[in-house]
Amino acid sequence: MSEPLLNIQGMNAGYGPVPVLFDLTLSVMPGEIVAMVGSNGAGKTTLLRAISRIIPAQGTLRFNGEDLAPLPPEAAFTRGLVQVPEGRQLFPRMTVEENLLMGAHLRRDKGVEASFEQVYTLFPKLKERRRQLAGNMSGGEQQMCAMGRALMANPKLLMIDEMSLGLAPVIVDQLLAILNDIRAEGIPVLLVEQDVFAAFSVADRAYVMETGRVVREGPVSELQNDQSVIDAYLGAAH
Amino acid sequence: MVLAQILLNGVLLGGLYGLMALGMALVWGVLNIVNLSHGALIMLGGYVTYYLFTLAGIDPFVALPIAMVIMFCFGFALQWGVLNLIVRSKMLNTLLITFGLQVVLTFTAQLLFTADFRTINPTYAGNNFPVGGLTVSVVRLAAFLVAIALASILWFVLNRLPLGRAIRATAQNLTAARLYGVNPRVLYAVTFGIGTALAGAAGGLYGMISNLTPYIGASLTAKSFVIAIIGGLSNPFYVIFGGIFVGIAESLTALYIGPTYTDVISFGLLVVVLVVRPSRAVRAA
Ligand SMILES: Nc1ncnc2c1ncn2[C@@H]1O[C@H](COP(=O)(O)OP(=O)(O)OP(=O)(O)O)[C@@H](O)[C@H]1O
Ligand SMILES: [Mg+2]
């Protein structure tokens, strides 16, 4: 078995004196789509903040064989650890194109043009709207823009927080399909979701988080049939 | 003809006013700091230019970019060492600190430069030329053109260069900017440095048109504040227009009401703006 791309062990993190994550262990292998599901306030966003080094954390945090713990957030970013934050967090008074450029603003390689091509191929809408202010777009378009901006950073791991939030089911399905395309281009995805159905429909493996602890983990094919997961998250509809 | 001349003077002076406000608007929009020491930085830039001219014998318009570099470094260090400590704190704290800074700078200037009036007086200071019956002062025209040029450069930096894009992005969404690799500490220091360099240029030009004393800071801060509110914080050219507007208003006041009332007018305008567009005053970026 190959080395995990992202390897977290025994992570504790929180805000000042308030602990949120407890002894958390998680890994993402190359080529995988991994889902992290859990209800409101479970600590999913906190986990992504800790991975991006925005908030301090204790425990092992290794990416691509490198210890991230001593690095500042911008170093984690330039290593290819890129997130699409909860609530899109676009630059609202900048155009779509400028938002995409902000994804690439630290890149010095020659691949930026190619990344534009890649993003515009995955999201043709963004190409149509490239001169429009990001703040004036619909929720679905904004999510595409946020994902496009992340891809412009040439990520080695794409972390997406609540991709489906507030979006119509057809848009969510489109975006889920695009996650498969992204994976096909060699970029693994860590998908943080409250919508367990959506997450399980694309993920290979999943973790279930409750109040800052991982309570279940495994291949989606197993979790889908796990009675406690069904009762808590998938409900009667499944 | 008198009116036309007055308007022309107002426009030319207004360009300089706009330049004074440019750095304040930039810092306000990006760092959310209403920098009460901005006028003192203008004053400092004036003295730097003055001494480059009198001691080093450098033509003041050549000295201007040198003064800007010096002021950039000063502003960068100030933000890095002092203001970064309070940048995300409450507005009241930033007002207090920058007010304190204004006092310190004023009295340091008094110690170093004395309270004497200084004017940057190159040989061509009094030169005029006629245009269609109007008289154009060479220095005032040059000051106006420098202001327009610097506003254009700032516009270009903000809208066309990666650094400017990062500055605007940080102003619009700090969380996202940090996630995308912007180091706010560095970016804020650079932004404050640019604002200080612009203040420095404004000070140098001010010293060619008017008198420098260590005490001009407070009233220049107030004027810059008014213009920043009128012009908004998002577009350098709007700030220049705001300056021209105030310049014209002052000139007309001097003509029709009396020269002693010119300082009142900018505050009258402030009140009008606050009544008509109150959101302007509290809006960031
Ligand atoms: N900036 C903050 N300061 C202090 N506590 C915070 C902060 N952000 C989140 N928390 C707390 O941390 C806990 C986990 O929040 P987090 O946002 O990580 O949850 P989440 O799983 O992402 O929830 P959601 O599904 O609603 O997005 C919550 O109890 C929340 O109140
Ligand atoms: Mg969340």
Side-chain angles (χ1 to χ4, degrees), chain A residues 45 48-55 71-108 112 131 133-136 142 145-155 157-161, chain B residues 25-32 80 84-85 87-89 154-191 194 228 231-239 277 279-280 282-285:
Chain A
T45 299
L48 293 195
R49 289 198 183 120
I51 297 175
S52 286
R53 306 282 308 121
I54 297 282
I55 60 168
L71 299 182
E74 55 278 12
F77 172 78
T78 48
R79 300 292 191 282
L81 205 49
V82 179
Q83 65 163 284
V84 182
E86 191 172 4
R88 343 297 189 211
Q89 305 283 356
L90 294 175
F91 304 111
R93 290 181 303 287
M94 293 180 25
T95 63
V96 168
E97 192 167 66
E98 285 181 308
N99 269 275
L100 296 180
L101 279 168
M102 271 309 291
H105 80 120
L106 292 181
R107 281 176 70 179
R108 296 288 169 268
V112 176
R131 302 255 176 263
L133 292 186
N136 294 345
Q142 291 196 9
C145 186
M147 289 167 70
R149 180 179 63 180
L151 290 171
M152 291 298 294
N154 198 16
L157 172 64
L158 186 63
M159 303 184 287
I160 311 183
D161 198 350
Chain B
L26 177 70
V27 167
W28 189 351
V30 178
L31 284 72
N32 199 25
W80 187 268
N84 259 327
L85 303 174
V87 73
R88 302 248 59 85
S89 73
L154 180 63
W155 185 92
F156 183 81
V157 170
L158 287 177
N159 291 287
R160 291 288 178 269
L161 297 188
L163 169 68
R165 206 179 292 124
I167 289 176
R168 282 188 301 135
T170 308
Q172 293 179 21
N173 190 333
L174 176 64
T175 313
R178 286 182 69 194
L179 280 176
Y180 279 80
V182 172
N183 179 339
R185 201 169 139 85
V186 175
L187 187 112
Y188 284 159
V190 169
T191 306
I194 295 174
L233 309 176
S234 54
N235 185 329
F237 292 114
Y238 294 171
V239 179
R277 298 201 57 181
S279 61
R280 267 284 168 83
V282 288
R283 180 191 71 167

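Only heavy atoms go into these numbers, but all of them, side chains included; no hydrogens, no water, no symmetry mates. So that the names make sense, note that chain A is the first sequence line, chain B the second, and so on, each numbered from 1.
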Next on the checklist: Has A:Glu74 got a side-chain atom pairing as donor or acceptor with B:Asn183's backbone, closer than 3.5 angstrom?
Outcome noted: no

Checklist entry - Roughly how far, to the nearest 0.5 Å, is the CE atom of A:Met102 from the OG1 atom of B:Thr170? => result 6.0 Å

Checklist entry - If you count heavy-atom pairs under 4.5 Å between each of A:Pro92, A:Ala153, A:Gly135 and chain B, which one has the most? => result A:Pro92

Checklist outcome for this item: Rounded to the nearest 0.5 angstrom, the CD-OH distance for A:Gln89 and B:Tyr180 is 10.5 Å

Checklist outcome for this item: A:Asn154 meets the side chain to side chain donor-acceptor pair (under 3.5 Å) criterion, sequence neighbours left out, with none

Item to check | Side chain, backbone, both or neither of A:Leu81 within contact of chain B (heavy atoms, under 4.5 Å) | outcome: neither

Checklist entry - Would you find a donor on one side and an acceptor on the other, under 3.5 Å apart, between the side chain of B:Asn173 and the backbone of A:Phe91? => result no

Next on the checklist: Quick check for you: among B:Pro162, B:Ala169, B:Ala176, which has the greatest number of heavy-atom pairs under 4.5 Å with chain A?
Outcome noted: B:Ala169

Checklist entry - Is there a side-chain contact between B:Arg165 and A:Leu101 (heavy atoms, below 4.5 Å)? => result yes

Checklist outcome for this item: Across all chains, not counting sequence neighbours, the side chain to side chain donor-acceptor pair (under 3.5 Å) partners of A:Ser52 are A:Gln83

Item to check | A:Ile54 portion near chain B, given a 4.5 angstrom heavy-atom threshold | outcome: both

Next on the checklist: Which atoms of A:Ala150 are under 4.5 Å from chain B, going by heavy atoms: the side chain, the backbone, both sets, or neither?
Outcome noted: both

Next on the checklist: Is A:Arg53 close to chain B through its backbone or its side chain, or both, or neither, when contacts mean heavy atoms under 4.5 Å?
Outcome noted: neither

